[in-house]
> 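Handing you this structure, nothing more for now.
Numbers restart at 1 for each chain; the letters A, B, ... are given by sequence-line order, proteins then strands.
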Amino acid sequence: MLILNCPNCGERNVSEFRNGGEYRPRPACPREKDDLQWAEYVYLRSNVSGVQKEWWYHRAGCGLWFLAERHTKTNEITATYRWRPAAASSEEERKADG
Amino acid sequence: MAERLPPRTGEVIDREEELRFQFDGEDYLAFSGDTIASALAATGVRVFSRSFKYHRPRGLLCCAGHCPNCLVQVGEEPNVRACRRRVEAGMRVEPQNVTPTLKRDWLAPVMRALSPFMSVGFYYKTLYRPSWVWKLGEPLLRAATGLGKVSVPKIPSEGFDKQYLRGDVVVVGAGPAGMSATLSAAGQGASVLLLDENGQLGGHLRTTGDTQQRLPSLLEKVRAAGNIRVFTETTVTGWFDHSWLAAVRGHRLYKIRAGAVVLASGALERPLLFENNDLPGVMLGSAAQRLLRLHSVKPGQRAVVMTANDDGWEVAADLRAAGVEVVAMADERERAASSSARVDALSADVPVFWRHTVAAAHGGSAVQAATIVPLDGDGDTQAPRHRQDCDLLLVSVGWTPNTGLAYQAGVRFGFDEKRAELTARDMPENFAIAGRAAGTHLLEHELAEGALAGRSMAAAAGRGDAPAAAQWTQVQEEKAAEPARSAPWVSVAGAGKRFLCYCEDVTEKDLYTAVAEGYDSIELLKRYSTISMGPCQGKMCSMNAVHLCARANAASVDETGSTKSRPPLQPISLGALAGQNMEPVRVTPVHDWHLERGAKMMVAGLWLRPERYGDPAGEVRAVRERVGVIDVSTLGKYKLTGPSVPDILEKIYINRWRKLAVGRVRYGAMCNTEGIVMDDGVTARVGEQEWYMTTTSGGAGSVNEWMQWWMQSGWGEGVQLLNRTDDFAAVNLAGPQARALLQKLTGLQLGNDQFPYMHARSGAVAGVPCRLLRIGFTGELSYELHCPSSYGRHLWERLLAAGEQFGILPFGVEAQRVLRLEKGHLIIGQDTDALSNPIAAELSWAVKLDKEDFLGQRSLIRVTERGVRQRLVGFTVPGVSVAPEEGLQIVALGSNGKRPEIIGWVSSCRFSPTLNEVIGLCWLPSEIAETDGAEFNIWRDERPLAARVHHGAVYDPEGARLRS
Ligand code: FES
Ligand code: FES
Ligand SMILES: [Zn+2]
């Protein structure tokens with residue numbers, strides 16, 4: 001059973017959390033996406049074999065949604081942190097926005 | 001007790017206390033401390049079970065709980081290992097898989113005759129075509145093969161539990177290396193958990209060498225330390241991510257978080273493959289030592305000892321000391337690894353066959369003789385053959401480290417050809433292996449390695465300093481210089497059945513057949529032949545299978561690799577996994593009243609809700625004609641405050657909110673990103689910057705998480721969301737008399753002009769501060785009252801008392817379902833599923849695609865462009881009184897005998913007492929759904945049932961009553 005380090009509460013068993021899947025920023029203007037781009041955002045996941053940035057929710061705790069960097073093969077978690085608006089201007093976001 | 005020896009030091013039995021128990025219908029005596037196996041062996045019992053497939057007699061092989069041969073049924077409990085379970089007075093022990101008795105099993109000769117047709121994978125090859133063959137064959141196979149019997153009604157549902165444990169260092173195995181590791185970790189200040197599957201600490205210190213030399217002082221030190229917790233008879237069954245271990249002791253499952261782990265689980269002695277190597281009386285050398293030293297039981301009278309290392313010579317010496325005659329020694333080596341007094345002494349009066357091996361065991365239900373043959377340089381045998389009478393054939397030819405847990409923790413192993421030992425690589429930093437599990441056999445080396453491992457793991461867990469690397473190097477070098485303990489080959493050429501996997505009755509020949517058929521990689525081989533998939537989980541056969549597979553492929557052991565080890569390492573009862581039944585239940589503040597009133601309760605998610613108090617039809621009539629009240633405290637309830645509430649509502653819901661005036665209520669539905677309906681409910685604007693939102697009962701939790709997600713990733717500026725679900729009780733008062741009733745309890749102006757439909761008010765009702773929402777799920781004039789939970793029951797009781805003069809009735813979920821169906825209202829989750837968008841679900845009126853942005857909008861734009869194929873629509877079934885079951889299919893009847901084609905399904909259906917007609921909601925192809933009155937067929941009881949599309953509510957379609 002994994003241990004996650006909630007940025008608010010500290011280390012807890014994974015059973016206290018809900019996984020929210022791969023971090024995929026929502027395009028700022030969905031209406032401007034064509035069907036293909038939109039389907040890609042809604043349905044496709046990178047499913048990496050390696051470090052994945054993903055959402056976790058501290059359901060049985062403080063109610064924080066935070067981001068974790070987890071290696072999908074070893075389950076090693078190298079970082080956990082709060083979402084910040086800065087992420088909105090990150091490389092990924094721009095890519096997602098096409 | 002023919003085979004019991006006089007009292008000896010180190011024995012774990014108490015001869016003062018005799019216990020009577022039953023085996024196979026006969027009475028036996030045991031001493032306290034005996035296992036079922038030792039007590040039976042002490043009276044000369046040799047056959048303990050019948051094998052899985054061929055029903056061959058099987059006897060004690062390992063005496064360590066690591067093989068399938070002694071599995072028995074104890075009372076209601078199947079698959080108990082007789083060599084592990086201690087005898088209790090009155091125990092009823094039965095053999096398993098016997099037809100009909102252990103001694104006379106008529107399936108044995110049948111299976112022997114059939115065995116040529118039961119080659120590896122035979123059921124894949126023979127039982128699949130034509131398909132009825134499997135139907136015929138499966139029950140026969142099931143009857144002939146198998147393990148114990150589970151009597152389902154008698155399985156104890158109680159007594160199983162779980163415990164959580166935590167330790168800086170967890171040491172698995174309490175032999176010399178494990179105890180040494182424990183002491184050195186504890187010495188660094190670490191809290192240590194020491195777990196061992198045996199009844200006593202000590203491991204092989206109790207069964208080999210000079211038992212009295214080291215053990216007492218180690219035991220004393222472990223006992224004296226304050227930071228060591230000891231768990232005996234505790235089996236570790238798996239390693240999971242982040243050093244989470246599962247262990248079982250009896251009915252208790254331990255879930256253990258380890259800072260670091262020392263694996264000191266010892267080694268398993270390895271069986272040798274020769275003709276009839278499964279005959280009772282063929283036993284591993286270490287098994288004989290356990291019987292002798294722990295239980296003072298003589299395993300036989302005349303023994304042949306077959307060995308390839310010095311351990312076998314110790315076994316022989318032990319036997320002689322116990323008065324067992326050693327009639328021959330066969331050693332695969334040229335000579336002993338080191339000259340020793342023991343070898344000299346034995347050689348003086350026992351015939352010793354150097355560079356020989358055993359090619360066959362002979363006998364019917366137990367060993368009567370062994371054939372000893374010379375070996376050549378490649379491990380092949382030569383003439384002359386020497387036949388030696390005996391009743392015991394002991395095999396000590398090598399060891400397999402017990403490292404399943406290490407595999408699970410990510411350790412990988414290579415194979416050291418010189419010593420024929422596995423060597424660990426890719427060791428995680430908080431995992432260490434010591435002692436025989438690490439291929440270290442000499443006691444002094446085991447102790448040194450254990451101490452280093454303990455100290456390193458304490459350091460890994462943040463206690464004390466790690467030892468210098470040079471110390472590790474030294475231990476590794478010393479270990480590498482130890483003489484080899486394991487023979488380089490694992491089977492002896494010859495005829496007859498040579499069993500590789502005892503659990504699954506797989507022979508060496510089966511393995512070669514499987515390889516020849518193309519299953520030549522070890523993982524494929526395992527799945528095809530079922531080798532290593534039996535109750536012992538490969539402890540007796542995995543390593544041998546790897547050797548044989550390597551040989552068959554002309555590859556090295558290293559290249560062949562090994563099969564992946566997965567939890568559980570040992571069989572574990574489902575009861576232990578299930579533990580106690582601890583399902584939480586949620587109840588409303590009015591719960592006790594419902595029970596007192598005799599309500600029939602139903603489970604709704606975690607909630608318990610009244611399904612009905614009496615006749616639901618009567619409850620429906622009360623609401624339609626007079627007044628009724630329902631407990632809706634289970635609704636999700638949220639308080640939203642801040643200047644940006646309209647912004648977030650606009651994004652979360654498919655409909656509009658910005659212009660909702662203070663004091664107004666609006667229905668809203670929300671979608672996920674894919675445009676699938678998630679939840680619905682009403683929200684009131686109760687102040688300029690304060691809103692009160694409700695969700696469905698089932699959606700309360702998920703809506704909170706969903707909104708939090710968006711708010712915490714950019715949409716939360718200027719909004720506070722507070723979950724008040726548990727803080728408020730809620731009741732819905734519905735019916736034409738609702739206003740008159742409520743007016744008796746409140747000073748609020750309730751007239752239709754002062755408090756119209758879809759408005760919200762706050763005020764005291766029956767002295768309780770309430771929020772009142774005038775809404776109408778039931779289709780009648782109705783008020784939903786929300787008040788602090790602690791006043792919930794008071795409010796409820798006052799409403800009922802005040803309603804008496806109007807003929808009020810409380811109503812349950814069932815009546816509510818009928819009432820809403822009469823109005824054509826859908827229930828999300830009941831009438832929709834993970835493919836339902838709001839346009840198809842007849843919520844198009846709420847979808848405002850021209851809003852700036854909302855969740856699901858982009859996907860719904862596409863839905864509108866392409867149109868919907870199926871729609872949710874109301875229907876009636878004329879002329880029947882029994883409502884078709886929900887979930888039934890709707891079909892298009894095929895012309896002239898063609899199969900009906902499924903075109904839809906019934907999502908809700910009830911008999912309406914108001915209209916005296918069966919009504920419902922269903923999913924239909926759009927072209928049918930669009931026509932009011934269109935006919936279609938529900939498939940019920942293998943027959944079509946004609947139904948008719950009905951647009952709009954069947955009851956009060958104009959909605960005059962709710963607005964009255
Ligand atoms: S003899 Fe009991 S498990 Fe092997
Ligand atoms: S001997 Fe048990 S699985 Fe093969
Ligand atoms: Zn938290």
> Side chain from CB out, backbone as N, CA, C, O: work out which of these in B:E674 comes under 4.5 Å of a heavy atom of chain A, or both, or neither.
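For B:E674, the contact with chain A is made by backbone and side chain together.
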> Side chain from CB out, backbone as N, CA, C, O: work out which of these in B:S859 comes under 4.5 Å of a heavy atom of chain A, or both, or neither.
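Both parts, backbone and side chain.
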> Given B:V703, which of B:T696, B:T695, B:T725 fulfils the side chain to side chain contact (heavy atoms under 4.5 Å, CB included) condition?
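The side chain to side chain contact (heavy atoms under 4.5 Å, CB included) with B:V703 is passed solely by B:T695 among B:T696, B:T695, B:T725.
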> Decide if atom CD of B:E429 counts as having more than 12 heavy atoms of other residues, nucleotides or ligands within a radius under 6.0 Å.
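It does not: B:E429 CD has 12 such atoms or fewer within range.
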> So for B:W710, is it side chain, backbone, both, or neither that comes closer than 4.5 Å to the heavy atoms of chain A?
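When you check distances to chain A, only side chain atoms of B:W710 fall under 4.5 Å.
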> Is A:R82 close to chain B through its backbone or its side chain, or both, or neither, when contacts mean heavy atoms under 4.5 Å?
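Nothing of A:R82, per the 4.5 Å heavy-atom cut-off to chain B.
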> Among B:Q857, B:M711, B:Q708, B:E705, which has the most heavy-atom pairs under 4.5 Å with chain A?
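Top count of heavy-atom pairs under 4.5 Å with chain A: B:E705.
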> More than 12 heavy atoms of other residues, nucleotides or ligands under 6.0 Å from CZ of A:R45: yes or no?
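More than 12 within 6.0 Å, yes.
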> Run the salt-bridge test on B:D853 and A:R26 with the 4.0 Å N-O cut-off and return the result as yes or no.
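Here B:D853 pairs with A:R26 in a salt bridge, since their nearest N and O are under 4.0 Å apart.
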> Could you tell me whether B:E865 atom CD has more than 12 heavy atoms of other residues or ligands within 6.0 Å of it?
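Yes, because the 6.0 Å sphere around CD of B:E865 holds more than 12 heavy atoms from other groups.
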> Picking from A:I77, A:N13, A:T74, A:V14, which has the most non-hydrogen pairs under 4.5 angstrom with chain B?
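The residue among A:I77, A:N13, A:T74, A:V14 with the greatest pair count is A:N13.
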> Of the backbone (N, CA, C, O) and the side chain (C-beta and beyond), which part of A:Y43 lies under 4.5 Å from a heavy atom of chain B, both, or neither?
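A:Y43 touches chain B through side-chain heavy atoms alone.
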> Between B:R862 and A:D34, is there a salt bridge with N-O shorter than 4.0 Å?
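B:R862 and A:D34: not salt-bridged.
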> Verify the neighbour count for atom CD of B:E852: are there more than 12 heavy atoms of other residues, nucleotides or ligands below 6.0 Å?
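12 or below, so no.
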> Given a strict heavy-atom distance threshold of 4.5 Å, which part of B:N704 is in contact with chain A: side chain, backbone, both, or neither?
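Just the side chain, heavy atoms under 4.5 Å.
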> With a 4.5 angstrom heavy-atom cut-off, which part of B:L849 approaches chain A: side chain, backbone, both or neither?
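The answer is the backbone of B:L849.
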